[in-house]
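First listed ligand is number 1; within each ligand, the first listed atom is number 1. Both backbone and side-chain heavy atoms feed into the values below; hydrogens, waters and symmetry mates do not.
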Amino acid sequence: MATTIPTAPATDVSVELRRAMLRQMLLIRRFEEKAAEAYALGKIGGFCHLYIGQEAVAVGVSAALRDDDYVIASYREHGQALARGVAASAVMAELFGKATGCSGGKGGSMHIFDRSRGFMGGHGIVGGHLPLAAGIGFAIRYRGGDQVCACFFGDAAVNIGAFHEALNMSSVYRTPVIYVCENNKYGMGTAFERVAAVTDVAEHACSYDMAAEMVNGMDVLEVYGAAQRAVARARRHGHPTLLEVRTYRFMGHSMSDPTHGVYRTKEEVEEEKRRDPIVRLASQLQAEGALDRAAYDTLDAEVLAEAEAAVHFAEESPDPGPEQLAAHVLAE
Ligand SMILES: Cc1ncc(C[n+]2csc(CCOP(=O)(O)OP(=O)(O)O)c2C)c(N)n1
């Protein structure tokens, strides 16, 4: 059976690191607001799933990783890519389908890749990347490395067979994978249904010998603490972990889905916004005297300028040419 470990927030997180986390969450927020604007203007084609509200998950987990670790994600992955250090300009250009995008403009919003950052995608099939994460973990062990792989997915993926197969294989082969289930309460696309909590699934339907933690995903420090413990288990002993991170997206499922009024009420969304992870961390820092209003505004202006520069870069970039149609390997 899965072992559920009591959750505890990270302690002794330096002011410097907390300010860096705040900056990253703000960058994701401003980047995505700009992406939403560009989408509304018809500059971004295809699907576009925003991460606004869930920033603490990507940022808290990424802060616990090393540069040579791996990250793999679903289609709601702009935030994980930015938190991993993929350049905002390369992510935005990819959304615009431009040649300068991190996937050469051929992947779009759902297929962000950057091998140099160990960012292994961006995958559109619900749950389809979980076996890839198990495989990355297997490869790490096979090569005798001590890296880990963080695998982000939504709560609906627990209904996919590949979820059970991947966790089972990871458990049996002891692969250093941190399975990060971002439970934002809804799995949209096929049925307007709230999906069962993943730890219930892990406890009742599976027999993985794997540590599991339930985490408050609106508190970046709590996510960071849980990720640190999971990384330590993975790095030292190759043990996989399942984190169920309770979060909430403030926007619709994708750009074509209304924020509220169909399967969730305006009141519910407004209530959840009161738990905004950015406001939470900024308030903590302010209460400690580690961030005043002017410093917050400067930080916000910096990341807004970075997001605007990313849009400008994407707009000015060329489309991929016909010679790139058959090129499937990007330069390092
Ligand atoms: C195998 C498969 N079935 C259906 C879909 C259509 N689909 C796209 S997103 C989605 C909902 C997924 O919800 P969840 O995993 O909770 O992630 P979230 O979108 O909430 O981040 C569905 C059913 C798909 N992409 N892949």
For V126 and Y75, what are the C-alpha separation, side-chain angles and deciding distance, and is it a side chain to side chain contact (heavy atoms under 4.5 Å, CB included)?
CA-CA 8 Å; V126 171; Y75 46 83; 4.1 Å; yes
So is F153 close enough to ligand 1, meaning a heavy atom under 4.0 angstrom away?
no
Which ligand 1 atoms, with their elements, are less than 4.0 angstrom from a heavy-atom of G187?
11 (C), 13 (O), 16 (O)
Distance flag, aromatic centroids of F113 and H123, threshold under 6.0 Å
yes
Side chain or backbone, does I125 bring an N or O within less than 3.5 Å of an N or O on ligand 1?
no
If we number the atoms of ligand 1 from 1 as shown, the ones under 4.0 Å from a heavy atom of A156 are 12 (C), 13 (O), 14 (P), 15 (O), 16 (O)
Show which atoms of ligand 1 fall inside a sub-4.0 Å distance from at least one heavy-atom site of A157.
15 (O)
Which of the numbered atoms in ligand 1 are below 4.0 angstrom from a heavy atom of G154?
14 (P), 15 (O), 16 (O), 17 (O)
Side chains of Q80 and E182: any donor to acceptor distance under 3.5 Å?
yes
Return yes or no for this condition: an N or O of N184 is under 3.5 Å from an N or O of ligand 1.
yes
Would you say H49 and R249 are linked by a side-chain donor-acceptor pair, where the criterion is simply a distance under 3.5 Å?
no
Does an N or O anywhere in Q54 fall below 3.5 Å from an N or O of ligand 1?
no
Can you find a side-chain donor-acceptor pair between E268 and H260 that sits under 3.5 Å?
no
